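Note that these values count all heavy atoms, side chains included, but never hydrogens, waters or copies made by symmetry. Treat the numbers as computed from the prediction; the structure is a model and nothing was measured. Numbers restart at 1 for each chain; the letters A, B, ... are given by sequence-line order, proteins then strands.
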Amino acid sequence: MLDPKLIRETPDAVRAAIAKKHLEVDLDAVLAIDAAWRALLHEVEALRARQKGANAEMAALPKGSPEFIAKVGEMKAVSAQAKERELALKETEEKFKQAMLSVPNLPHASVPEGRTPEENVVYATHGEVTAVSPSALPHWEIPGFEKLFDFARGAKVTGAGFPFYVGDGARIVRALLHFFLDEDAKAGYTEVNPPIFVNAASATATGQLPDKEGQMYETTPDQLYAVPTAEVPLTNFFRDEIVEESALPIYRCAYTPCFRREAGSYGKDVRGLNRLHQFDKVELLKWVHPSTSYDELDKLRLDAERLLQKLGLPYRVLLMCGGDLGFSQSKKYDLEVWSAGQKRWLEVSSCSNFEAFQARRAQIRFRSKDTGKPELVHTINGSGLAVPRVLAALLENNLQADGRVKIPAALVPYFGKEYLTFA
RNA sequence: GGAGAGGUGGCAGAGUGGUCGAAUGCGCGCGCUUGGAAAGCGCGUGUUUCCGCAAGGGAACCGGGGGUUCGAAUCCCCCCCUCUCCGCCA
């Protein structure tokens with residue numbers, strides 16, 4: 001959520017910033033509701049002030065006295081009016097809240113112009129794409145793939161997109177997770193093992209609700225949501241709290257399985273390990289002082305990049321243009337790993353600065369040393385990293401002529417062997 | 001899951017219909033005191049929001065939501081959470 005004051009006081013600047021995201025927002029409607037709300041607020045507050053004043057007078061009067069009885073009669077009318085106006089105020093307040101939830105976060109000045117994914121800027125490229133075998137196979141065509149990654153039985157037991165990982169398949173997943181968490185810990189992130197179901201308030205604070213509920217698995221009868229990413233429980237850790245300024249920045253990482261319904265996905269995007277309903281991911285999250293958030297974003301991105309470097313996987317960094325930024329992000333980098341068999345880039349991490357957008361919804365604040373007042377923190381997050389696509393690239397890029405997959409040196413201590421075999 | 005008890009400010013803890021944003025203690029801040037400190041004394045110490053250039057003023061908040069009443073921290077209803085006992089169980 002944006003600061004309502006920002007919209008109230010500088011609507012044109014807000015309009016211009018939203019235009020960069022190429023989103024349609026009826027700001028005039030928001031402003032009109034805001035004006036109506038304030039008018040009602042004044043009425044209600046005046047009535048309440050009158051009630052309060054009368055209350056003090058009546059407390060001093062003898063209970064059954066004629067003056068007292070007269071006052072009760074008088075205040076009955078005021079009370080009725082206050083109730084009626086209060087109801088109107090509440091309705092308007094609800095409308096305003098809904099309207100505010102439809103206003104996106106504003107892009108940072110450094111975000112490039114652009115409308116479509118094609119206009120994202122290739123910010124950096126690491127590793128030689130041409131160095132990996134030109135005859136590499138898509139991972140799902142590697143002989144024996146289905147023994148280690150059993151989609152058919154997963155479909156039987158649960159449904160499409162819920163594979164079983166078997167033998168070396170399970171082992172490589174565990175090795176990657178362990179490696180990621182260890183590396184993230186070295187970079188200063190405190191490991192957290194969060195709940196993987198969250199309530200509606202948490203899902204709302206991070207922006208999954210109200211309009212993305214179709215993307216989450218929901219439980220009945222408890223109305224809990226399976227987390228689409230560890231970002232949700234992790235961000236909500238400090239929801240409705242005020243932390244000490246000296247505690248910032250706070251670095252945390254968490255592994256969780258992630259659950260996504262992925263309604264509407266199709267085609268090559270969903271082959272093999274590219275897109276699953278359940279997958280494993282380590283998420284990096286920072287709560288930082290607003291003055292440092294862009295430096296912290298760059299550092300977080302480098303922390304994620306280092307993982308790919310240590311695995312020896314070629315990748316590139318995209319700086320997302322205004323039109324390809326998410327609703328709640330101010331700036332975003334995507335890390336994409338080169339998938340030699342599919343001859344395409346796969347997104348494995350998305351590193352974003354939300355500025356105060358999430359923090360306002362979630363009411364996560366710090367007490368400023370200067371003013372003594374609570375201020376909203378900035379939140380930053382990114383994957384560090386998502387397992388299946390890293391795995392896909394690993395399988396494709398490191399496939400040997402003999403059908404085995406060479407394990408990167410950094411991963412060998414975790415995997416326990418130098419080669420993964422499909423036998 | 002069943003029975004009972006309870007949720008009040010940073011913490012502890014009073015308050016069972018009116019002048020209560022809320023006693024008292026602790027903590028914290030400032031001042032006095034002191035060579036310095038402790039103790040002592042004095043003053044202060046929540047959040048949100050609206051109006052205002054400001055000074056300042058108004059309103060809301062006693063787990064959450066609804067209700068009764070002229071008036072609710074206090075009475076009633078629903079929900080959430082914590083604790084104790086029982087049951088069940090990795």
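- Judged as a side chain to side chain donor-acceptor pair (under 3.5 Å), and not counting sequence neighbours, the contacts of A/Lys186 are A/Glu183.
- Per the geometry, CG belonging to A/Leu61 stands 16 Å off P belonging to B/rG71, to the nearest Å.
- Using P as the reference atom, B/rG63 and B/rG15 are 15 Å apart when rounded to the nearest Å.
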Could you pull out every donor-acceptor pair under 3.5 Å between side chains of residues 93-100 of chain A and any protein atom, sequence neighbours left out?
from, atom 1, to, atom 2, distance (Å)
A/Glu93, OE2, A/Trp37, NE1, 3.1
A/Glu94, OE2, A/Gln98, NE2, 3.3

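- Residue pairs meeting the side chain to side chain donor-acceptor pair (under 3.5 Å) criterion with at least one partner in residues 188-199 of chain A, sequence neighbours excluded, are A/Tyr189-A/Asp303, A/Asn199-A/Ser202.
- Counting only residues at least two apart or in different chains, ring pair (Phe, Tyr, Trp, His ring centres under 6.0 Å) contacts with residues 218-238 of chain A comprise A/Phe238-A/Trp287.
- When the P atom is used for both B/rA37 and B/rG31, the distance is 11 Å, rounded to whole Å.
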Filtered N/O pairs between nucleotides 88-90 of chain B and protein, under 3.5 Å:
none

Enumerate the protein-to-nucleotides 65-68 of chain B contacts in which both atoms are nitrogen or oxygen and the separation is below 3.5 Å.
from, atom 1, to, atom 2, distance (Å)
B/rG66, OP1, A/Lys90, NZ, 2.8

Below 3.5 Å between N/O atoms, which protein atoms pair up with nucleotides 17-21 of chain B? Just atom names and distances, please.
from, atom 1, to, atom 2, distance (Å)
B/rG18, N7, A/Lys63, NZ, 3.1
B/rG18, N2, A/Asn55, OD1, 2.7
B/rG18, N3, A/Asn55, OD1, 2.8

Taking only N/O atoms, report every protein-nucleotides 77-83 of chain B pair under 3.5 Å with atom names and distance.
none

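- If you measure from atom CG of A/Leu40 to atom P of B/rA60, you get 16 Å, rounded to the nearest angstrom.
- At least one test fails for A/Lys281 against the ring of A/Tyr255: distance under 6.0 Å to the centre or angle within 45° of the axis.
- Near RNA chain B, defined here as any heavy-atom distance below 4.0 Å, there are no residues from residues 230-241 of chain A.
- Judged as a side chain to side chain donor-acceptor pair (under 3.5 Å), and not counting sequence neighbours, A/Ser328 has no contacts.
- Residue A/Ser79 places at least one side-chain N or O under 4.0 Å from the OP1 or OP2 atom of B/rG71.
- Residues satisfying the side chain to side chain donor-acceptor pair (under 3.5 Å) test with A/Glu84, not counting sequence neighbours, are none.
- Shown here, B/rC89 forms no base pair; nothing in the strands shown gives a Watson-Crick or G-U wobble contact with both key distances under 3.5 Å.
- Comparing B/rC26 with B/rG40, their P atoms are spaced 8 Å from each other, to the whole Å.
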Dump every N/O contact between nucleotides 46-51 of chain B and the protein below 3.5 Å, one line per pair.
from, atom 1, to, atom 2, distance (Å)
B/rU47, OP1, A/Arg367, NH1, 3.1
B/rU47, O3', A/Arg365, NH1, 3.3
B/rU48, OP1, A/Arg365, NH1, 2.7
B/rC50, OP1, A/Arg8, NH1, 3.0
B/rC50, OP1, A/Arg8, NH2, 3.3
B/rC50, O2', A/His42, NE2, 2.6
B/rC51, OP1, A/Arg38, NH1, 2.5

